There are 2 protein chains.
Amino acid sequence: MDEREPLSPDMFDPACPSSVAPFRIADKWGGLVILCLQDGPRRFSELRIPLPRVAPKVLTETLRALERDGFITRTAYAENPPRVEYQLTPLGRTLLPAISACREWAADNFDALLAARDRYDGVPGAEAAA
Amino acid sequence: MDEREPLSPDMFDPACPSSVAPFRIADKWGGLVILCLQDGPRRFSELRIPLPRVAPKVLTETLRALERDGFITRTAYAENPPRVEYQLTPLGRTLLPAISACREWAADNFDALLAARDRYDGVPGAEAAA
DNA sequence: AGCCCCGCTTACTTCAACGTAACTAGGCTC
DNA sequence: GAGCCTAGTTACGTTGAAGTAAGCGGGGCT
């Protein structure tokens, strides 16, 4: 009658990989920063170009979090003007397929998501567009 | 000297799929709920089994958010006892590959992430374990 | 001297997500 | 009529991420 497997008793069982999901990968901007680093090391001010809406404070926090998680390294050069380079580690690179999968999903389906939201929220014209 | 492409001027250009990332897919528990629904419709109390640490209020909020985004449908049956079923929509199913990719990453690399954190935080013994 | 650049830091505020606990409604059974 | 069931709701408080605005330190330029 029901061919579905019973649901596991606790997804937070440490043995269950799903338990990881709530331990979010870094923060709101982490994925974007990782994408910016995929072609090679980048400097702080270089990262600010594609992310102009991210305040320096937030960017610093994001970079520190990514460093803490072992996804990037931070290298400061005692030059003039000072230079700091951020670079993906091998562990950081392992994230690229997953992030790309999310990006690909977004490219394909984000419009549908927004349309669904409009429909749910009763935005005028959303029904017609559905 | 530098073979890397220059970084795009603004990832928040609406034309750029990366701009989606900060519009998080639902919330902290959304991905887990979607996984729970992949084998077929589930009831509210059924979903609570694998997610015992999620308060009913939060589960309700999560389900509403997923419904709003068009990922699941909610169907209430006027039976006794009352029954409500949540089910993935086709759009919701499109998320499964991306979520699976994240899950797979976690299964493979979560230990490395935790070890990196311990090293960064200077947890005793973390160096030896590295 | 005064200004710029770089890579931040600091202080403060705002906001949404998350969580706890208690409670509800309608119908069922004991 | 006491208590259970389902599927929530309500009130309240906590937390932490994010944003705003400003400043800093050291060198170089003019």
Side-chain angles (χ1 to χ4, degrees), chain A residues 7 10-12 19-34 36-37 41-69 71-87 117 121, chain B residues 7 10-12 18-34 36-37 41-69 72-87 117 121:
Chain A
L7 292 173
D10 186 355
M11 277 198 164
F12 293 90
S19 69
V20 169
F23 293 71
R24 305 190 198 191
I25 303 309
D27 40 27
K28 190 171 174 182
W29 306 109
L32 257 26
V33 169
I34 287 173
C36 293
L37 293 175
R42 297 284 183 183
R43 310 176 51 175
F44 188 87
S45 48
E46 225 171 344
L47 291 171
R48 298 208 59 198
I49 298 169
L51 303 163
R53 290 190 184 71
V54 181
K57 182 205 125 191
V58 175
L59 184 53
T60 301
E61 286 171 358
T62 299
L63 290 166
R64 291 286 184 281
L66 291 173
E67 195 189 353
R68 181 166 103 100
D69 286 351
F71 297 146
I72 63 173
T73 54
R74 177 183 185 276
T75 314
Y77 299 90
E79 298 174 354
N80 240 293
R83 190 162 57 96
V84 178
E85 274 189 353
Y86 297 94
Q87 189 168 190
R117 278 191 186 173
D121 295 341
Chain B
L7 291 172
D10 186 354
M11 277 198 165
F12 294 90
S18 308
S19 68
V20 169
F23 294 72
R24 304 190 200 192
I25 303 310
D27 41 28
K28 189 172 175 183
W29 306 109
L32 257 26
V33 170
I34 287 173
C36 293
L37 293 175
R42 298 282 184 184
R43 309 175 52 174
F44 188 86
S45 49
E46 224 172 343
L47 291 171
R48 298 207 60 199
I49 297 169
L51 303 164
R53 289 191 184 70
V54 181
K57 183 203 125 193
V58 175
L59 184 53
T60 301
E61 286 171 357
T62 300
L63 290 166
R64 291 286 184 282
L66 291 173
E67 196 190 352
R68 182 166 103 100
D69 286 351
I72 64 173
T73 53
R74 178 183 184 276
T75 315
Y77 298 91
E79 298 174 355
N80 239 291
R83 191 162 57 95
V84 179
E85 275 189 353
Y86 296 95
Q87 190 167 190
R117 277 191 187 176
D121 295 343

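Residue numbers begin at 1 in each chain, while the letters A, B, ... track the order of the sequences. As the structure is a prediction and not an experimental result, all values here were calculated from the model.
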Q.
Distance check, rounded to the nearest 0.5 Å: Ile72(B) atom CD1 versus Leu63(B) atom CG?
A. 4.5 Å
Q) How long is the span from the CG atom in Asp69(B) to the CZ atom in Arg64(B), to the nearest 0.5 Å? A) 13.5 Å
Return the nearest nucleotide to the side chain of [X]; candidates are [options].
X        : options                 : result
Arg74(B) : dG7(C), dA7(D), dT20(D) : dA7(D)
Arg43(A) : dC6(C), dC8(C), dG19(C) : dC6(C)
Phe44(B) : dA7(D), dG7(C), dC8(C)  : dA7(D)

**Q.** Option among Arg48(B), Arg42(B), Arg43(B) that satisfies the salt bridge (Lys or Arg N to Asp or Glu O under 4.0 Å) test with Glu46(B)
**A.** Arg42(B)
Using whole Å, what does the distance between atom [atom2] of nucleotide [N] and atom [atom1] of [X] come to?
X        : N       : atom1 : atom2 : answer
Leu32(B) : dA17(C) : CG    : C1'   : 16 Å
Arg83(A) : dG7(C)  : CZ    : P     : 9 Å
Leu59(B) : dC18(C) : CG    : P     : 12 Å
Glu61(A) : dG16(D) : CD    : P     : 13 Å
Ile49(B) : dA7(D)  : CD1   : P     : 11 Å
Leu47(A) : dC8(C)  : CG    : C1'   : 13 Å
Glu67(B) : dG8(D)  : CD    : P     : 10 Å
Arg48(B) : dG8(D)  : CZ    : P     : 11 Å

Q.
Once side chain to side chain contact (heavy atoms under 4.5 Å, CB included) is applied, do any residues pair with Ala78(B), and if so which ones, sequence neighbours excluded?
A. none
Q.
Just so I know, are the side chains of Phe44(B) and Pro56(B) near enough to count as touching, which here means a heavy-atom distance under 4.5 Å?
A. yes
Q) Should Arg64(A) be listed as having a side-chain N or O under 4.0 Å from OP1 or OP2 of dC8(C)? A) yes
(Q) Below the 4.0 Å mark, does dG19(D) have OP1 or OP2 next to a side-chain nitrogen or oxygen of Lys28(A)? (A) yes
Q.
Over all strands shown, is Tyr86(B) touching base, sugar-phosphate only, or nothing at heavy-atom distances under 4.0 angstrom?
A. sugar-phosphate
Q. Checking all strands, does Ser45(A) fall into the base, sugar-phosphate, or nothing category for heavy-atom contacts under 4.0 angstrom?
A. sugar-phosphate
Q: Check side-chain hydrogen bond (donor to acceptor under 3.5 Å, both in side chains) between Glu85(B) and all other residues, then give those that pass, not counting sequence neighbours.
A: Arg83(B)
For nucleotides 22-30 of chain D, which of its nitrogen or oxygen atoms have a protein nitrogen or oxygen under 3.5 Å away, and what is each distance?
residue	atom	partner	partner atom	Å
dG27(D)	O3'	Asn80(A)	ND2	3.3

Q) Residues two or more places apart in sequence or in another chain: which of them pass salt bridge (charged side-chain N to carboxylate O under 4.0 Å, His left out) with Glu67(A)? A) none
Q: May I ask you to verify whether the side chain of Lys57(B) and the base of dG19(C) hold a donor-acceptor pair under 3.5 Å?
A: yes
